[in-house]
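Structure record follows, encoded as structure tokens.
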Amino acid sequence: MTEPVSATAHAHPNIALVKYWGKAPRPGNVPASPSLSITLDGLTTTTTVTLTGREDTVYLDDRPVADAKIAACLDNLRRRFDIPPVEVRTRNDFPTAAGLASSASGFAALVTAVDAACALGLSAAVRSDLARQASASAARSIFGGYVVLEEPEWQGRPLLEGGAWPLRVVVAVTSDTAKTTSSSEGMRASAASPFFSGWVDSTRDDFAAARFAVLERDFERLADVAEHSCLKMHGLMMATRPALLYWNPATLACIQRVRALRDQGVPVFFTVDAGPQVKAVCLPEAEAAVATALQEVAGVQRILTAGLGGGARVAGR
Ligand code: 2P0
């Protein structure tokens with residue numbers, strides 16, 4: 001008897017330095033504004049897709065799950081390609097759904113594993129397009145290093161290799177609890193906020209400034225625009241009904257600690273996504289001091305560190 005065909009893919013989360021929050025009013029899960037991210041190493045989603053011939057089954061960390069977004073992603077792939085029933089087994093070596101972008105690495109790994117298992121031969125750009133339709137931030141995790149997601153294609157594109165400017169990321173984990181409002185729901189609600197049009201309009205300038213800062217390796221300029229984009233997004237979130245307040249007291253304490261470090265000359269800036277973790281982005285020589293400082297903040301449960309990693313890739317067939 002022959003073994004069923006299967007393929008395993010690895011992908012890493014990415015962290016947006018210019019944030020995506022809000023969708024354009026058209027099909028295809030198209031963002032309302034461009035974003036710029038860094039893909040991490042160290043934190044990894046591993047997804048194995050096996051062609052079973054039976055109905056689709058999905059396991060997250062070996063537990064069977066019914067995940068509507070994964071089902072929708074498979075349906076969407078089947079509208080374009082001939083894909084038999086599959087078993088999907090996925091695991092993250094970091095907290096799921098707590099603001100560490102597990103959906104980004106998850107859908108990047110899923111699309112890449114389906115592509116490999118079914119021998120579809122898709123380009124990275126097409127995989128990024130398909131991943132975006134499932135979860136827009138996943139379009140960026142198809143690529144490594146510094147990545148942009150912008151009009152008109154809305155496929156991720158590499159801007160600069162991570163090795164060309166190897167920033168480090170210190171993640172202060174302040175809670176392992178999964179968030180109660182999904183990003184998709186939150187974004188839909190934010191579209192009705194009086195802040196939304198200002199957010200969308202001003203993000204284009206932030207994006208241009210951040211792209212320039214990355215290409216120039218200008219840390220101060222990147223720090224300034226990344227913190228501004230983060231706080232502006234959280235301002236929009238707070239000005240949404242019902243309010244989206246993702247922070248806990250330790251989140252704010254970490255932000256203040258990072259600001260104090262930078263005032264002392266330490267090259268570090270913060271960013272926070274749709275969850276309570278604080279990601280401190282720094283030059284390599286500051287990593288140890290930043291990790292020590294954040295570890296001491298009350299409410300910080302543990303510290304994860306990462307560098308810049310590669311894009312989604314197949315591990316084996
Ligand atoms: C980002 N986030 O740019 C922003 C910052 C969270 C805060 O992209 O609805 O899971 O699946 O396209 O990609 C999280 O949103 O949302 C996200 P959908 P996604 O990283």
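Just follow the structure's listing: the first ligand is 1, and inside any ligand the first atom is 1. By convention here, the first residue in the shown sequence is residue 1.
Proximity of Arg132 to ligand 1, defined as any heavy-atom pair under 4.0 Å, is not found for any part of the residue. When non-hydrogen atoms are compared, ligand 1 lies under 4.0 Å from the side chain of Arg140 (C-beta onward) but not from its backbone.
The contact set between ligand 1 and Ser184, taken as ligand atoms under 4.0 Å from a residue heavy atom, comprises 9 (O), 11 (O), 18 (P). Short contacts between ligand 1 and Ser103, defined as distances under 4.0 Å to a heavy atom of the residue, involve ligand atoms 10 (O). Residue Lys19 approaches ligand 1 through these ligand atoms, each under 4.0 Å from one of its heavy atoms: 3 (O), 5 (C). Each of the atoms 5 (C), 7 (C) of ligand 1 lies under 4.0 Å from some heavy atom of Asp273. Counting the atoms of ligand 1 from 1 in the order shown, those under 4.0 Å from a heavy atom of Ala16 are 1 (C), 3 (O), 20 (O). Close contacts between ligand 1 and Asn29 involve ligand atoms 12 (O) [criterion: under 4.0 Å to a heavy atom]. With ligand atoms numbered from 1 in the order given, ligand 1 contributes 8 (O), 10 (O), 13 (O), 19 (P) to contacts under 4.0 Å with heavy atoms of Ser137. Listed by number with element, the atoms of ligand 1 under 4.0 angstrom from any heavy atom of Met187 are 15 (O), 16 (O).
Here's the thing with Asn14: none of its N/O atoms is less than 3.5 angstrom from an N/O atom of ligand 1. Close N/O approach between Trp21 and ligand 1 is not found [any backbone or side-chain N/O within under 3.5 Å]. Among the atoms of Lys23, some N or O lies under 3.5 angstrom from an N or O of ligand 1. Of the N or O atoms in Ser35, none lie within a sub-3.5 Å distance of an N or O in ligand 1. For ligand 1, the polar-atom distance check against Ala136 finds a nitrogen or oxygen pair separated by under 3.5 Å.
Tyr59 is not connected to Ile70 by any chain of hydrophobic side-chain contacts under 4.5 Å among Ile, Leu, Val, Met, Phe, Trp and Tyr, and they are in different clusters.
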Show every donor-acceptor pair shorter than 3.5 Å between a side-chain atom in residues 149-156 and any protein atom, with sequence neighbours excluded, or say none if there are none.
{"residue": "Glu150", "atom": "OE1", "partner": "Arg211", "partner atom": "NH2", "Å": "3.0"}
{"residue": "Glu150", "atom": "OE2", "partner": "Arg157", "partner atom": "NH2", "Å": "2.3"}
{"residue": "Glu150", "atom": "OE2", "partner": "Arg211", "partner atom": "NH2", "Å": "2.8"}
{"residue": "Glu151", "atom": "OE2", "partner": "Arg204", "partner atom": "NH1", "Å": "3.0"}

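Taking a 6.0 Å sphere around CD of Glu285, one finds it holds more than 12 heavy atoms contributed by other residues, nucleotides or ligands. Under a cut-off of 6.0 angstrom, the local environment of CD in Gln295 is crowded, with over 12 non-hydrogen atoms contributed by other residues, nucleotides or ligands. In Phe195, the CZ atom is not crowded: 12 or fewer heavy atoms of neighbouring residues, nucleotides or ligands sit closer than 6.0 Å.
Classified by interplanar angle (parallel below 30°, tilted 30° to 60°, perpendicular above 60°), the ring pair Trp247/His234 is tilted.
Side-chain contact between Thr112 and Thr47: absent, with no pair of heavy atoms (C-beta onward) separated by less than 4.5 Å.
Here Ile142 sits in one hydrophobic cluster together with Phe143, Val147; the rule is ILVMFWY side chains under 4.5 Å apart, joined directly or through other members.
Screening Thr271, Val300, Val272 for a side chain to side chain contact (heavy atoms under 4.5 Å, CB included) with Val278, the sole residue that qualifies is Val272. Among Asp201, Asp205, Asp206, the one residue that satisfies the salt bridge (Lys or Arg N to Asp or Glu O under 4.0 Å) test with Lys232 is Asp206.
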